[in-house]
Amino acid sequence: MLDIPVLISGGGPVGLTASLLLSQHGVRSLLVERHPGTALTPKARGINARTMEIFRQCGIDAAVRDAGLAEGRLGLIVWTETLAGKEIERRVPGRATAKNMAATPVRNCLCAQDDLEPVIRRFAEEAAGPGALRFNTELTSFSQGPGAVTGTLTDRTTGAETPFKARYLIAAEGAQSRARRTLAVKMIGEENVYDSVNILFHADLTQWVEHRPAALYFVEQEELRATFLTINGRDRWGFLIHSPKKYGWQPQDFTPEFCAALIRKGVGVPDLAVSVLGVGPWEASAIVADRYRVGDVFLAGDAAHEMPPTGGFGLNTGVQDVHNLTWKIAAVLRGKADDRLLDSYHAERQPFGQIVTQNSLANAMSMGRNARQSNVLPRREFLNEQGLIFGACYESTAVVPDGTPRPVADDPVTEYLPSARPGGRAPHVWLKRGNEKISTIDLFGPHFVLLAGSDGEAWRRAAQAIVPSWPPLRVFTVGKDADLGDPDGTWHEAYGVNTDGAVLVRPDGHIAWRSRSGASNPLELLRAALDGLFGRMPAIA
């Protein structure tokens, strides 16, 4: 019997990222994927800045960016009657404003899923070692017993079956998750809200797009509502047909000839040379699992939440799911945390999944995705969801509250208020390490980080006294004559601490605990915070 600490079912971006993260946490895993290789079609394309921060911490952001579209090839969202005809409107996405871009050291990236997956796979295989990622292999049955998930893996080429035993199972199998169905998890929300058809095609559209580089070119006509989806910005594109049934079109109508005719209609050039590469009809749903954890099985990505693609949150939310989950699994498997820590995965990610799914649906409905009318521009929140990208603020047993109120934005969807209140994403601040300019984001990874003010040596001594008994804990002082310089003098204000205060940052970059000033008993306070975080005993704020 194959015996592994963690089995990952599903080899898309979410499962592959889970494999990479577990390896970086020192946890052995096995990933199985029923398909023979990575994605063959673009599927998701937009990687938002929060996900790029995660890829940066994993050391793969440069490779992902190299595989995607160059930064200068984006910048706009355009509405037209036809690509070659009248332009209705163009916008700079709110995410691209100078204020919003200052919230992070990275930029978002457009990298089609069939280009992204091979990159993550390469790094995951290097980190996990030979045989740790098995394609053409499917999880075909499983059951749960005391302290273990057991079941069968089936080789889809030979039919050979392999029994397995795993401590935990991460189900990242997509919207049709076998694990989710087996567990009879209830999905909350609206199913089959509207229909669409994706067409992948080859045609040179350069002359109509090079002067206005955009990620999306909407086509608004009485008899056709669609979107050109930028892939390489030259001759490889997606064409998304909105609500085809409203026009009386059925999936079987979308022959290559019919698709080419629709593309020419959208471009406005009747004799355009078009090669249709693939066609995929689908139904959009806005549903979220009522449980992200069932025993020792965890749902992640589309297995946990299906959402309309309007806003590009599906892939990003899934990657952020496993970023939240994997460090917790590592802490439990090391024997440093109680299994109850894993309950915080649902407590933190499921409410956020609901919020994101609801807003993705609101984006779609504001654009008339379930209607036939044309010239329907989206709500102002569309592609301006800075609060959703960076503003997740968790409340769970994996966060030690400090008694401060949660920052309240006028619009929590579009506004991100940086805050180091426990539960929030640790804010980005530019610092200096010697002559090197680094972001606070660069300090976080497969370890805990204690950041203390320039007069915070007592916190360093406390951490050093605890380190032998806990997962990796790095300590930095910030400020004048400290480990890290604060050239702009903004770190203390951004993190809400005095020069003798400290904050503890989790491996997923969220604040676990904060002491706004020094303490007479720093070792006791820090130990109590870690005990509470890991489920050993109630925490002292």
Side-chain angles (χ1 to χ4, degrees), residues 4-71 104-137 170 172-174 300-302 314-330 333 438-439 441-447 472 507-509:
I4 44 179
V6 182
L7 177 68
I8 303 166
S9 179
V14 176
L16 291 168
T17 302
S19 172
L20 177 58
L21 287 166
L22 285 170
S23 294
Q24 293 182 340
H25 287 301
V27 173
R28 188 167 57 90
S29 68
L30 173 65
L31 179 149
V32 295
E33 165 55 48
R34 64 188 301 271
H35 292 101
T38 52
L40 299 177
T41 56
K43 299 183 181 180
R45 303 173 305 128
I47 306 173
N48 68 34
R50 180 61 186 137
T51 300
M52 286 302 291
E53 288 180 351
I54 296 170
F55 288 161
R56 179 173 171 127
Q57 291 162 5
C58 290
I60 69 172
D61 59 314
V64 169
R65 203 169 292 284
D66 287 345
L69 198 64
E71 286 188 45
T104 175
V106 305
R107 298 291 177 263
N108 62 346
C109 177
L110 194 151
C111 183
Q113 191 167 327
D114 54 342
D115 293 322
L116 173 66
E117 288 186 9
V119 173
I120 310 176
R121 176 182 179 177
R122 183 175 80 248
F123 282 91
E125 287 179 330
E126 289 174 357
L133 281 72
R134 298 186 186 180
F135 288 79
N136 262 329
T137 303
I170 298 175
E173 305 158 316
D302 287 355
L315 179 155
N316 292 286
T317 306
V319 168
Q320 292 158 30
D321 287 342
V322 294
H323 192 224
N324 178 286
L325 175 62
T326 49
W327 72 266
K328 298 172 181 178
I329 289 178
L333 288 176
I438 65 167
S439 167
I441 303 298
D442 298 326
L443 303 173
F444 314 137
H447 41 255
D508 62 355

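This structure is a prediction, so every number in the text was calculated from the model and none was measured.
- With a 4.5 Å cut-off on side-chain heavy atoms, Gln57 and His323 count as touching.
- To the nearest 0.5 Å, atom CD of residue Glu117 and atom CD of residue Glu33 are 8.0 Å apart.
- Asn324 places none of its side-chain heavy atoms less than 4.5 Å from the side chain of Val322.
- At least one side-chain heavy atom of Val6 sits under 4.5 Å from a side-chain heavy atom of Val27.
- To the nearest 0.5 Å, atom CG of residue Leu22 and atom CD1 of residue Ile329 are 6.0 Å apart.
- The minimum heavy-atom distance linking Ala124 with Leu16 is given by the pair CB-O, 3.9 Å.
- The shortest distance between side-chain heavy atoms of Asp115 and Val119 does not fall below 4.5 Å.
- Cation-pi geometry between Arg121 and Phe135 is satisfied (NZ or CZ under 6.0 Å from the ring centre, within 45° of the ring normal).
- Taking every heavy atom of both residues into account, Asp321 and Gly301 meet most closely at OD2-N, 3.1 Å.
- In the model, Gln320 has a side-chain atom that pairs as donor or acceptor with a side-chain atom of Thr51 under 3.5 Å.
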Please assess Thr104 against Glu53 for the test side chain to side chain donor-acceptor pair (under 3.5 Å), listing each intermediate value before the final yes or no. CA-CA 8 Å; Thr104 175; Glu53 288 180 351; 2.7 Å; yes
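- A 4.5 Å side-chain heavy-atom check between Phe55 and Thr17 finds at least one atom pair inside the cut-off.
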Decide yes or no on side-chain contact (heavy atoms from CB on, under 4.5 Å) for Met52 and Arg56, but give the supporting numbers first. CA-CA 6 Å; Met52 286 302 291; Arg56 179 173 171 127; over 6 Å; no
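- With contacts defined as side-chain heavy-atom distances shorter than 4.5 Å, the pair Ile47/Val319 does not qualify.
- Arg45 is not listed as a side-chain neighbour of Cys111, based on a closest heavy-atom distance of 4.5 Å or more.
- Pairing each heavy atom of Pro5 with each of Leu333, the nearest pair is CB-CD1, 3.9 Å.
- Gly509 approaches Arg50 most closely through the heavy-atom pair CA-NH2, 4.4 Å.
- In this structure the side chain of Leu7 never reaches within 4.5 angstrom of the side chain of Ile170, judged on heavy atoms.
- Taking each heavy atom of Leu21 and Cys58 in turn, the nearest pair found is CD2-SG, 3.5 Å.
- Residue Pro42 comes nearest to Asp114 through the heavy atom pair CA-OD1, 3.4 Å, listed as atom of the first residue, atom of the second, then distance.
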